[in-house]
Amino acid sequence: PIDWTAQEVDDYKSVFTQCVMFSFWVIFNLSDSGLGSTLTAQAGAMTSKGIPNDFFNNFNQIAIVVAIPILDYIVYPLLRKWKINFKPVYKIFVGFMLGATASGVSAILQWRIYKTSPCGYYATDCPEPSPLTAWLAIINYGLCALGECFCYTTAYEIAYTRAPDNAKGLVTALFLFNSAISSAISEGVSGAMKDPNLIWPFTGISAVGGFFAFVFLFCYWNLDKTMAKEDAERETARQSKITEIDKAEIQSLVRVISK
């Protein structure tokens, strides 16, 4: 016999629609981590004065630790106080745009490296680095960290609240699976990321990321209303189930008394 309810069907429909929505994070992840080791190589082509070129990616985590409390205790309360409805879709859009902007900054920075390097457009393996300071690399990591604070935290919230109780782990796993897809794409194209064409990967990711940010905003403009409707339906189904259980207990009690 079929023992699932209409609410359970709606819950799992929500799960699969989230799978489609989470596919947008594949592009953001490419902005966030770069293609292959391009960001690390970019820092290595600039003047670092003895600092390892893989040191600068630590500023991603530092920026997140600093930004989250500022957003939670200052920015979001101020927006609520000013009655500005900063919906989840807005947060995700801002995060995507920050990621796209970070890639755009890296494209400009790579162009400046080529222009200032003694080896021109073959700066990555040049014996002499560009006179540009490698500290400029933290701009990308900082912007991507801010992007994560907006779109990743919101995505985890959506994944947890929209999923049915018995599928929260599944939805979270499906969301994280997009990171695996991004990593596979990154590894697949890393062999082609060589001078003199390193400007174009950053430019392409920036353009695609910005485009899909607006596509996401258009497709999920009413996401907050959809989530509110799902919550209301889920609560109604829960109350109905409780009522049925209460009726069954009363009927059982009546039968016992009548005996």
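Below, each value reflects all heavy atoms present in this structure, side chains not excepted, and no hydrogens, waters or symmetry copies.
In the hydrophobic clustering of ILVMFWY residues, with side-chain heavy atoms under 4.5 Å counting as a link, V75 and M97 come out together. Under a hydrophobic-cluster definition in which Ile, Leu, Val, Met, Phe, Trp and Tyr are linked whenever side-chain heavy atoms come within less than 4.5 Å, directly or via other members, F214 and F218 are assigned to different clusters. Hydrophobic cluster membership is shared by Y141 and I51, with clusters built from Ile, Leu, Val, Met, Phe, Trp and Tyr side chains linked at under 4.5 angstrom. V20 and L176 fall within a single hydrophobic cluster, where Ile, Leu, Val, Met, Phe, Trp and Tyr side chains are chained together by heavy-atom contacts under 4.5 Å. Tracing side-chain contacts under 4.5 Å through hydrophobic residues (I, L, V, M, F, W, Y), one reaches I92 starting from V208; they form part of the same cluster.
Inter-residue side-chain proximity for I181 and N29 is flagged as unmet; no heavy-atom pair is nearer than 4.5 Å. Proximity of F150 to L71: side-chain heavy atoms (C-beta onward) are separated by under 4.5 Å at one or more points. T47 is not listed as a side-chain neighbour of S130, based on a closest heavy-atom distance of 4.5 Å or more. The shortest side-chain heavy-atom distance between Q42 and S106 falls under the 4.5 Å cut-off. Proximity of S206 to T101: side-chain heavy atoms (C-beta onward) are nowhere separated by under 4.5 Å. With contacts defined as side-chain heavy-atom distances shorter than 4.5 Å, the pair N60/E148 qualifies. Side-chain contact between T133 and M46: absent, with no pair of heavy atoms (C-beta onward) separated by less than 4.5 Å.
If you take CG on D72 and SG on C149, they are separated by 9.0 Å, rounding to the nearest 0.5 Å. Rounding to the nearest 0.5 angstrom, the gap separating the OG atom in S48 from the CZ atom in F56 is 6.0 Å. With rounding to the nearest 0.5 angstrom, the OG atom of S182 is 12.0 Å from the CD atom of E187. Taking CZ of F28 as the reference point, atom CG of L98 lies at 8.0 Å (rounded to 0.5 Å). One distance of note links OG of S186 with CD1 of I205; it measures 8.0 Å at 0.5 Å rounding. Note that CG of L217 is 5.5 Å distant from CZ of F93, once rounded to the nearest 0.5 Å.
K87 places no side-chain N or O within donor-acceptor distance of the main-chain N or O of K225, the cut-off being under 3.5 Å. Looking at N58, its side chain does come within 3.5 Å of a backbone N or O of F55 through a donor-acceptor pair. Looking only at distances, a side-chain donor or acceptor of N178 sits under 3.5 Å from a matching main-chain atom of F22.
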For this session: Just do the side-chain contact (heavy atoms from CB on, under 4.5 Å) check on D195 and Y114 with the steps written out, would you?
Result: CA-CA 9 Å; D195 292 328; Y114 282 156; 2.6 Å; yes
For this session: Decide side-chain contact (heavy atoms from CB on, under 4.5 Å) for R80 and F86; before the verdict, give the C-alpha distance in whole Å, the side-chain angles of both, and the deciding distance to 0.1 Å.
Result: CA-CA 8 Å; R80 286 192 293 268; F86 197 45; over 6 Å; no
For this session: Could you walk me through whether Y121 and L198 pass the side-chain contact (heavy atoms from CB on, under 4.5 Å) test, one step at a time?
Result: CA-CA 9 Å; Y121 278 72; L198 290 179; over 6 Å; no
Problem set entry | Test side-chain contact (heavy atoms from CB on, under 4.5 Å) applied to L136 and I139, step by step | CA-CA 6 Å; L136 291 171; I139 298 174; 4.2 Å; yes
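For F96 and F216, the ring centers sit closer than 6.0 Å to each other. Ring centers of F202 and W111: at least 6.0 Å apart, outside the cut-off. Ring-centre distance between Y152 and F175: below the 6.0 Å cut-off.
Here the shortest heavy-atom pairing between P129 and P118 reads O-CD, 3.9 Å. In terms of heavy atoms, C119 sits closest to P127 at SG-CD, 4.0 Å. In terms of heavy atoms, G99 sits closest to S31 at O-CB, 3.4 Å.
Remark: K49 is not positioned above the aromatic ring of W135, lacking an NZ or CZ atom under 6.0 angstrom from the ring centre and at most 45 degrees off the axis. Cation-pi geometry between K91 and Y76 is satisfied (NZ or CZ under 6.0 Å from the ring centre, within 45° of the ring normal).
No side-chain N or O of Y90 forms a donor-acceptor pair with one of D224 less than 3.5 Å apart.
Within a 6.0 Å sphere centred on CD of Q61, other residues, nucleotides and ligands contribute more than 12 heavy atoms.
A side-chain contact (heavy atoms from CB on, under 4.5 Å) with L39 holds for exactly one of N140, N57, D32, L109; it is N140.
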